[in-house]
Visitor: 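A single structure is presented below for examination.
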Amino acid sequence: MTDPVLMVVDGDPGSLATLEGTLRRRYGHDYLIIGEATPGTALGRLRELRAAGRPVAVVLAAAAIAEPPAADFLAEARSVQPAAKRVLVIPRGGPAAPSLRVPVPLVADRQAATPVLRAIAHGMIDSYLPAPGAGRDEGFHRAVSELLEEWAHDAAPVLPAVRIIAGQRSARAHELRDALARSSIPYVFHAADSAAGRSWLAQAGQDGSALPVLLTYTGEVLVDPPNDRVAAVFGLASLPAATVDVAIIGAGPAGLSAAVYAASEGLSTLLLEREAIGGQAGSSSLIRNYLGFPRGISGASLATRAFEQAWSFGAIPSMAGPVTALQPTPGGFTLHLAGVRVSHARSVLITTGVSYRKLDAPGLDALLGAGVFYGATTSEHNAFAGEPVFIAGGANSAGQAAVNLARYAHQVTIVIRGESLAARMSQYLIDEITATANIKVRTSTQIAAAEGAGKLEALTLTDTRTGSTQTVPAAALVILIGAVPHTDWLPPAIARDEHGFILTGSDLPTSANPAPGWTQPRPLETSMPGVFAAGDVRHGSVKRVASAVGEGSIATTQLTQYLQAQARNP
Ligand SMILES: Cc1cc2nc3c(=O)[nH]c(=O)nc-3n(C[C@H](O)[C@H](O)[C@H](O)COP(=O)(O)OP(=O)(O)OC[C@H]3O[C@@H](n4cnc5c(N)ncnc54)[C@H](O)[C@@H]3O)c2cc1C
């Protein structure tokens with residue numbers, strides 16, 4: 001395989017040579033380093049590389065480039081090489097700068113910084129970096145390595161852990177790809193009717209009549225396996241025999257955070273997940289508002305790091321199946337998994353999050369996963385390159401999905417029933433959408449029907465003001481219209497609000513507290529003593545990664561208090 005490219009564009013021969021040299025010394029063995037003096041020649045080169053099928057991992061452009069401005073060049077580079085990470089290299093300033101990750105002029109002069117921050121907010125660039133200093137500039141290299149890691153996560157892996165062979169738009173293959181991508185498990189997809197697909201099917205001894213077929217790094221061949229069977233390949237489907245101190249149900253940000261804190265404080269901790277590590281956050285391609293990541297982090301990276309952290313403290317992860325029932329038993333609780341297996345815990349934390357509300361229109365259900373998707377996915381962007389894509393919904397998640405898909409799609413149309421995006425979307429996203437040429441917003445519009453033979457081909461849209469309908473070509477519809485909590489499996493003794501969100505602490509009606517002598521539920525404790533809830537699933541929660549993480553950690557403290565009280569008065 002040919003080495004991927006790192007491209008540097010700088011009109012100043014001296015700084016071009018410094019940048020090229022810095023990159024070549026560190027990455028020259030694994031990447032081809034290409035230097036260009038002007039945006040024009042760089043774009044020509046990027047087109048040649050695309051025609052030759054050569055991957056481009058990162059394009060770095062000096063901020064000093066004026067014709068066209070570097071950020072405009074990087075924005076255009078996206079249309080030629082959509083997967084490449086695009087970085088603006090800004091000058092270092094002042095003697096103190098080498099010790100800072102952000103150069104002094106940028107911090108001190110917000111006006112000078114504005115174009116850089118605007119370029120990020122508008123998605124014209126993925127990141128900015130101070131030019132490397134002399135010698136080994138580890139800050140510069142750390143940033144470059146992180147970009148390469150993110151690029152490699154989305155690009156086809158060199159050593160896939162799983163090969164999936166299925167129909168191009170198979171709904172089950174979509175679920176599997178999404179779960180693997182969100183769990184950062186490297187996989188390769190082969191269409192069953194492609195030469196590679198046929199060859200891998202033959203190697204697996206399969207005739208293709210039953211799909212999807214999975215070939216794992218251990219040499220196993222799995223035909224349309226359930227999620228827990230795939231999890232077993234990675235050692236993620238076992239359950240401890242002994243009763244644990246805490247069972248956490250749901251490995252989104254709230255559950256992962258609770259697992260880190262509970263395990264690090266010495267509690268035996270079981271973390272149960274039914275689908276993919278990271279929950280909803282795992283499907284976010286760039287989380288920009290989580291503390292400590294000024295340039296953003298992909299949900300999958302955040303989830304992988306948190307998962308490793310929880311595991312390293314001793315938490316036991318298990319994807320043995322969804323938890324389907326919870327029962328109080330002497331000394332604790334019994335959890336039923338997928339209806340067949342059981343696990344025992346002294347306390348329970350419910351962090352099962354939410355799912356998107358369903359859109360009801362003829363034809364949608366039949367095309368689920370075959371062009372129609374609920375929630376933004378991280379694995380499908382490339383599949384719709386150059387095609388018309390629609391997004392139903394007007395909240396922040398819809399805005400983010402639009403901006404991400406606009407990198408690949410020919411046209412992204414946001415469809416909302418209301419009259420403007422302002423009611424439910426943050427202004428920074430509205431600005432980004434307004435500034436992105438290939439995103440259109442259709443207000444007062446409803447999706448009336450979907451059609452297509454085996455895959456989505458067209459949508460019928462109704463203008464709710466006039467009642468007129470229009471059928472438009474569509475390759476994908478991403479539905480992001482609100483959330484339903486995952487609580488239908490809980491016993492009635494766990495009180496919920498009218499939408500199914502779990503009530504905790506002071507939100508609980510006094511009549512919901514059945515335990516004799518138990519009058520004061522802890523703030524995140526449910527109406528069943530010893531069972532806590534945190535994150536999006538909780539009534540009144542703020543639907544954000546940081547809030548879920550915070551609640552996960554607070555819940556751990558409260559359930560530790562509960563366990564200590566139980567130990568004193570069993
Ligand atoms: C596309 C997208 C982009 C987003 N971007 C941002 C952003 O940029 N910034 C931000 O702050 N927030 C963002 N959010 C919101 C944020 O991701 C959520 O607020 C956060 O993930 C909530 O965390 P949680 O742990 O409470 O629940 P979830 O993330 O929903 O996780 C719940 C987990 O529980 C599992 N589960 C459910 N039922 C069961 C069961 N019965 N048994 C076992 N497991 C079960 C689910 O599979 C899931 O993994 C985004 C959300 C989406 C969808």
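No experiment lies behind these values; they were computed from the predicted model shown. Values below: all heavy atoms of this structure, side chains included; hydrogens, waters and symmetry mates excluded.
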Visitor: Would you mind listing every side-chain hydrogen bond (donor to acceptor under 3.5 Å, both in side chains) that reaches into residues 547-557, with sequence neighbours excluded?
Guide: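 Every pair satisfying side-chain hydrogen bond (donor to acceptor under 3.5 Å, both in side chains) with a residue in residues 547-557: Arg538-Glu551.
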Visitor: Is the His344 to Phe333 ring centre distance short of 6.0 Å?
Guide: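 Between Phe333 and His344, which both carry aromatic rings, the centre distance is not below 6.0 Å.
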Visitor: Checking the side chain of Thr351 only, and the main-chain atoms of Gly250 only, is there a donor and an acceptor separated by less than 3.5 Å?
Guide: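 Checked: pair present.
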Visitor: Is Leu272 close to Leu239 at the side-chain level, that is, under 4.5 Å between some pair of heavy atoms?
Guide: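 Side chain of Leu239 against side chain of Leu272, heavy atoms only: contact under 4.5 Å found.
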Visitor: When rounded to the nearest 0.5 angstrom, what distance separates OG1 in Thr526 from CG in Asp507?
Guide: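 CG of Asp507 is found 12.5 Å from OG1 of Thr526.
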Visitor: Assess the residue pair Thr462 and Thr445 against the criterion (side-chain contact (heavy atoms from CB on, under 4.5 Å)); give the C-alpha distance rounded to whole Å, side-chain angles, the decisive distance to 0.1 Å, and a yes or no.
Guide: CA-CA 6 Å; Thr462 303; Thr445 303; over 6 Å; no
Visitor: Quick one: closest heavy-atom pair of Pro212 and Ala166, and the distance?
Guide: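 Heavy-atom minimum between the residues: CB-CB, 3.7 Å.
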Visitor: Within the 4.5 Å heavy-atom criterion, are Ser301 and Glu150 side-chain neighbours or not?
Guide: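 The answer is yes; the side chains approach within 4.5 Å.
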Visitor: Just so I know, are the side chains of Ser444 and Arg417 near enough to count as touching, which here means a heavy-atom distance under 4.5 Å?
Guide: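 They are not in contact (no side-chain heavy atoms under 4.5 Å apart), so the answer is no.
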Visitor: Between Ser420 and Ile430, is there a side-chain heavy-atom distance shorter than 4.5 Å?
Guide: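 No, every pair of side-chain atoms sits at 4.5 Å or beyond.
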Visitor: Any chance the rings of Tyr217 and Tyr187 have centres within less than 6.0 Å?
Guide: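 Distance test on ring centres: not under 6.0 Å, no.
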Visitor: Flag yes if more than 12 heavy atoms outside Gln470 fall under 6.0 Å of its CD atom; otherwise flag no.
Guide: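 More than 12 heavy atoms, drawn from other residues, nucleotides or ligands, come within 6.0 Å of this atom.
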Visitor: When you compare the side chain of Leu215 with that of Ile164, does any pair of heavy atoms fall below 4.5 Å?
Guide: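 Answer no - side chains too far apart.
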Visitor: Taking atom CG of Leu201 and atom CG of Leu211, what is their separation to the nearest 0.5 Å?
Guide: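 If we round to the nearest 0.5 Å, Leu201:CG and Leu211:CG are 6.5 Å apart.
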Visitor: Applying side-chain contact (heavy atoms from CB on, under 4.5 Å) to Leu364 and Leu456, what does each step give before you reach the verdict?
Guide: CA-CA 9 Å; Leu364 282 181; Leu456 180 68; 5.9 Å; no
Visitor: Within the 4.5 Å heavy-atom criterion, are Leu222 and Val233 side-chain neighbours or not?
Guide: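 SC-SC contact between Leu222 and Val233 confirmed.
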Visitor: Considering non-hydrogen atoms only, spot the tightest contact between Ile391 and Ala401 and give its length.
Guide: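 Distance-wise, the nearest heavy atoms are CD1-C, 3.7 Å.
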Visitor: Taking side chain as C-beta onward, heavy atoms only, is Leu421 less than 4.5 Å from Ile433?
Guide: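 Counting from C-beta outward, Leu421 and Ile433 do come under 4.5 Å.
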Visitor: Roughly how far, to the nearest 0.5 Å, is CG of Asp193 from CD of Gln168?
Guide: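 Reported value, rounded in 0.5 Å steps: 7.5 Å.
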Visitor: For Glu275 and Asn227, run side-chain contact (heavy atoms from CB on, under 4.5 Å): C-alpha distance rounded to whole Å, both residues' side-chain angles, the deciding distance at 0.1 Å, then the answer.
Guide: CA-CA 7 Å; Glu275 221 171 77; Asn227 287 354; 4.3 Å; yes
Visitor: Quick one: CG on Leu559 to CZ on Phe532, what's the gap to the nearest 0.5 Å?
Guide: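 These two atoms lie 5.5 Å from each other.
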Visitor: Just checking, is any N or O donor in the side chain of Asn396 or Ser426 under 3.5 Å from an acceptor N or O on the other one?
Guide: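 A pair is found: one side chain offers a donor N or O, the other an acceptor, under 3.5 Å apart.
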Visitor: Apply side-chain contact (heavy atoms from CB on, under 4.5 Å) to residues Phe373 and Leu367 and explain how you reach the verdict.
Guide: CA-CA 9 Å; Phe373 305 101; Leu367 295 169; over 6 Å; no
Visitor: Would you name the heavy atoms of Thr443 and Gly418 that are closest together and state the gap between them?
Guide: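 The answer is CB-O, 3.4 Å.
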Visitor: What is the distance from atom CG of Leu256 to atom OH of Tyr261, rounded to the nearest 0.5 Å?
Guide: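 One gets 12.0 Å once the value is rounded to the nearest 0.5 Å.
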Visitor: Using the side-chain contact (heavy atoms from CB on, under 4.5 Å) definition, which of the options Val537, Leu271, Val531, Val348 pairs with Ile249?
Guide: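 Answer to the side-chain contact (heavy atoms from CB on, under 4.5 Å) test with Ile249 among Val537, Leu271, Val531, Val348: Val348.
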Visitor: Under the criterion side chain to side chain donor-acceptor pair (under 3.5 Å), I'd like the reasoning laid out for His190 against Arg163: C-alpha separation, chi angles, the key distance, then a yes or no.
Guide: CA-CA 7 Å; His190 303 289; Arg163 286 180 193 278; 3.0 Å; yes
Visitor: Could you report the tightest heavy-atom contact between Ile165 and Ala192, atom names first, then the distance?
Guide: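 That closest heavy-atom pairing would be CG2-CA, 3.8 Å.
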Visitor: Is it true that the side chains of Gln280 and Asp536 contain a donor and an acceptor less than 3.5 Å apart?
Guide: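 Side-chain D/A pair, Gln280 to Asp536: present.
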Visitor: Going through the checks in order, is the salt bridge (Lys or Arg N to Asp or Glu O under 4.0 Å) test met by Glu220 and Arg229?
Guide: CA-CA 11 Å; Glu220 275 180 274; Arg229 184 67 196 83; 2.5 Å; yes
Visitor: I need the minimum non-hydrogen distance between Pro225 and Val230, along with the two atoms involved.
Guide: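 Reported closest heavy-atom pair: CG-CG2, 3.7 Å.
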Visitor: Of the options Ile416, Asp463, Leu461, which is the one that meets Arg442 in a side-chain contact (heavy atoms from CB on, under 4.5 Å)?
Guide: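 When side-chain contact (heavy atoms from CB on, under 4.5 Å) is applied between Arg442 and each of Ile416, Asp463, Leu461, only Leu461 qualifies.
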Visitor: For the residue pair Leu337 and Thr324, establish whether any side-chain heavy-atom pair is separated by less than 4.5 Å.
Guide: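 They are not in contact (no side-chain heavy atoms under 4.5 Å apart), so the answer is no.
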Visitor: Suppose the criterion is side-chain hydrogen bond (donor to acceptor under 3.5 Å, both in side chains): which pairs have a residue in residues 483-501, not counting sequence neighbours?
Guide: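 Output for this query lists Arg274-His486, Ser355-His486, Asp497-His539.
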Visitor: Report the C-alpha distance between Asp431 and Gln427 in whole Å, list the side-chain angles of each, state the deciding distance to 0.1 Å, and finish with yes or no for side chain to side chain donor-acceptor pair (under 3.5 Å).
Guide: CA-CA 6 Å; Asp431 291 346; Gln427 191 57 44; 3.0 Å; yes
Visitor: Show, in sequence, the C-alpha distance, side-chain angles and deciding distance for Arg172 and Glu175, and conclude whether the salt bridge (Lys or Arg N to Asp or Glu O under 4.0 Å) test is met.
Guide: CA-CA 5 Å; Arg172 177 62 186 142; Glu175 277 172 18; 2.6 Å; yes
Visitor: How about Thr471 and Thr460: does a side-chain donor come under 3.5 Å of a side-chain acceptor?
Guide: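 Thr471 vs Thr460: donor-acceptor pair found between side chains.
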Visitor: Are Arg407 and Asp126 within salt-bridge range, i.e. N to O under 4.0 Å?
Guide: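 Salt bridge present between Arg407 and Asp126.
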Visitor: If you compare all heavy atoms of Val223 against all heavy atoms of Ala210, which two are closest, and at what distance to 0.1 Å?
Guide: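 Closest pair (atom of Val223, atom of Ala210, distance): CG1-CB, 3.6 Å.
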Visitor: Could you tell me the separation between the OH atom of Tyr290 and the CG atom of Leu302, rounded to the nearest 0.5 Å?
Guide: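 With rounding to 0.5 Å, OH (Tyr290) is 6.0 Å from CG (Leu302).
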